[in-house]
**Q** 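Handing you a structure now.
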Amino acid sequence: MSEDLLKIEIIKEYIANRKVDWTKHCLNRLNQRNIQISDVKIAINNGKIIEYYYDDYPYPSCLILGYDIDNKIIHIVCGMSEDKVHMITAYYPDANRWEDDMRTRREK
């Protein structure tokens, strides 16, 4: 698997073409956090990758920061294989864990 797939443009293309695996874990977390699938798609479409996890198993993954339908910041973690994007989780970032820009993790 090439690291070349971890690009926001490719993730957007896969989602537009419905090449998406909504994992059970992801759907459970979205339900618990009252996040709609449409919010995740909107956030990816206006989002930017803020962290890369090239060594994740079974697929390299990344953290995307985007905005939902209500213009709230949302974080999305997804993995990339050759043929689809694997949605891992999504959440509204906690201000106690992230700097004001919601892109930088706070020091512990």
Side-chain angles (χ1 to χ4, degrees):
M1 197 336 270
S2 167
E3 294 173 358
D4 295 341
L5 287 177
L6 278 182
K7 292 187 177 7
I8 194 71
E9 297 81 14
I10 296 173
I11 296 169
K12 290 177 185 181
E13 177 188 324
Y14 279 24
I15 289 181
N17 292 317
R18 297 185 175 169
K19 296 179 178 181
V20 185
D21 171 27
W22 293 93
T23 64
K24 185 175 182 182
H25 170 82
C26 182
L27 294 174
N28 286 340
R29 291 291 183 256
L30 294 179
N31 188 45
Q32 290 168 348
R33 296 168 179 153
N34 200 27
I35 299 172
Q36 304 299 312
I37 288 175
S38 58
D39 282 323
V40 173
K41 291 178 181 178
I42 288 165
I44 289 172
N45 276 321
N46 66 50
K48 293 188 184 324
I49 297 174
I50 59 171
E51 292 182 359
Y52 294 89
Y53 315 117
Y54 294 115
D55 296 329
D56 270 5
Y57 180 83
Y59 308 108
S61 65
C62 61
L63 175 63
I64 298 169
L65 180 149
Y67 296 86
D68 71 7
I69 191 84
D70 296 321
N71 211 35
K72 285 175 54 179
I73 292 176
I74 188 169
H75 284 176
I76 300 130
V77 180
C78 60
M80 289 294 292
S81 63
E82 295 288 340
D83 60 345
K84 63 177 69 168
V85 56
H86 303 269
M87 304 309 298
I88 299 167
T89 196
Y91 57 89
Y92 294 108
D94 180 344
N96 294 321
R97 295 181 178 204
W98 295 88
E99 297 291 343
D100 292 340
D101 65 2
M102 294 298 165
R103 296 171 185 269
T104 311
R105 293 180 190 269
R106 290 192 186 274
E107 297 294 323
K108 291 188 178 177

**Q** Any chance you could measure Arg105, atom CZ, to Glu51, atom CD, to the nearest 0.5 Å?
**A**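 Answer rounded to 0.5 Å: 4.0 Å.
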
**Q** Check Ile73 against Pro93 and note the closest heavy-atom contact, atom names and distance.
**A**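 Minimum heavy-atom separation between Ile73 and Pro93: O-CD, 3.4 Å.
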
**Q** Under 3.5 Å, is there a donor-acceptor pair between the side chain of Asp70 and the main chain of Lys72?
**A**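 Looks like no, no N/O pair under 3.5 Å.
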
**Q** I need the Asp56 CG to Cys78 SG distance, nearest 0.5 Å.
**A**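 Answer for the CG-SG pair, Asp56 versus Cys78, is 11.0 Å.
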
**Q** Tell me whether Asn46 contacts the main-chain N or O of Ile42 through its side chain, where contact means a donor paired with an acceptor under 3.5 Å.
**A**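 Yes; judged by distance alone, with no hydrogens or angles, the pair exists.
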
**Q** Determine whether Ile76 and Leu65 fall in the same hydrophobic cluster, where Ile, Leu, Val, Met, Phe, Trp and Tyr are linked whenever their side-chain heavy atoms lie under 4.5 Å apart.
**A**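 In one cluster: no.
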
**Q** I'd like to check Lys19 versus Asp83 (side-chain heavy atoms, cut-off strictly below 4.5 Å). Are they in contact?
**A**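 Side chain of Lys19 against side chain of Asp83, heavy atoms only: no contact under 4.5 Å found.
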
**Q** Nearest 0.5 Å please: distance from the OH atom of Tyr67 over to the CE atom of Met102.
**A**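 That separation rounds to 10.0 Å.
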
**Q** Check for a donor-acceptor pair, side chain of Arg33 on one end and backbone N or O of Ala90 on the other, with a separation under 3.5 Å.
**A**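 Side chain of Arg33 to backbone of Ala90, a donor-acceptor pair under 3.5 Å: yes, one is there.
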
**Q** May I ask you to test the Lys12-Asn45 pair for a side-chain heavy-atom distance under 4.5 Å?
**A**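 The answer is yes; the side chains approach within 4.5 Å.
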
**Q** To the closest 0.5 Å, what do you measure between OH (Tyr59) and CD (Glu82)?
**A**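 CD of Glu82 is found 10.5 Å from OH of Tyr59.
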
**Q** Within a strict 4.5 Å, meaning less than it, do heavy atoms of the Ile11 and Cys62 side chains meet?
**A**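 In contact.
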
**Q** Please find the pair of heavy atoms, one from Ile35 and one from Tyr92, that lie closest to each other, and give the distance.
**A**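 Scanning both residues completely, I find the closest heavy atoms to be CG1-CE1, 3.5 Å.
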
**Q** Hey, can you tell me if His75 and Trp98 have their rings parallel, tilted or perpendicular (30° and 60° cut-offs)?
**A**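 Rings of His75 and Trp98: perpendicular, over 60°.
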
**Q** Say you draw a straight line from CG of Leu30 to CD1 of Ile74; how long is it, rounded to the nearest 0.5 Å?
**A**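 These two atoms lie 7.5 Å from each other.
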
**Q** Side chain to side chain contact (heavy atoms under 4.5 Å, CB included), that's the test. Do Val85 and Ile44 meet it? Break it down for me.
**A** CA-CA 12 Å; Val85 56; Ile44 289 172; over 6 Å; no

**Q** How many angstroms lie between atom CD1 of Ile8 and atom NZ of Lys48, to the nearest 0.5 angstrom?
**A**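 Nearest 0.5 Å value for the CD1-NZ distance: 9.0 Å.
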
**Q** Taking all non-hydrogen atoms of both residues into account, name the closest pair between Leu6 and Ser61 and its distance.
**A**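 Minimum heavy-atom separation between Leu6 and Ser61: CD1-O, 3.5 Å.
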
**Q** Side chain of Asp39, backbone of Asp68: donor and acceptor closer than 3.5 Å?
**A**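 Answer holds: no.
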
**Q** For atom CG of Leu27, is the number of surrounding heavy atoms from other residues, nucleotides or ligands below 6.0 Å larger than 12?
**A**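 Counting other residues, nucleotides and ligands, CG of Leu27 exceeds 12 neighbours.
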
**Q** Looking at side-chain heavy atoms only, is the closest gap between Arg106 and Asp100 below 4.5 Å?
**A**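 SC-SC contact between Arg106 and Asp100 confirmed.
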
**Q** Has Asn34 got more than 12 heavy atoms of other residues, nucleotides or ligands less than 6.0 Å from its CG?
**A**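 Result for CG/Asn34: open.
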
**Q** Quick one: does Arg29's side chain get under 4.5 Å of His25's, heavy atoms only?
**A**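 Yes; the side chains approach each other to less than 4.5 Å.
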
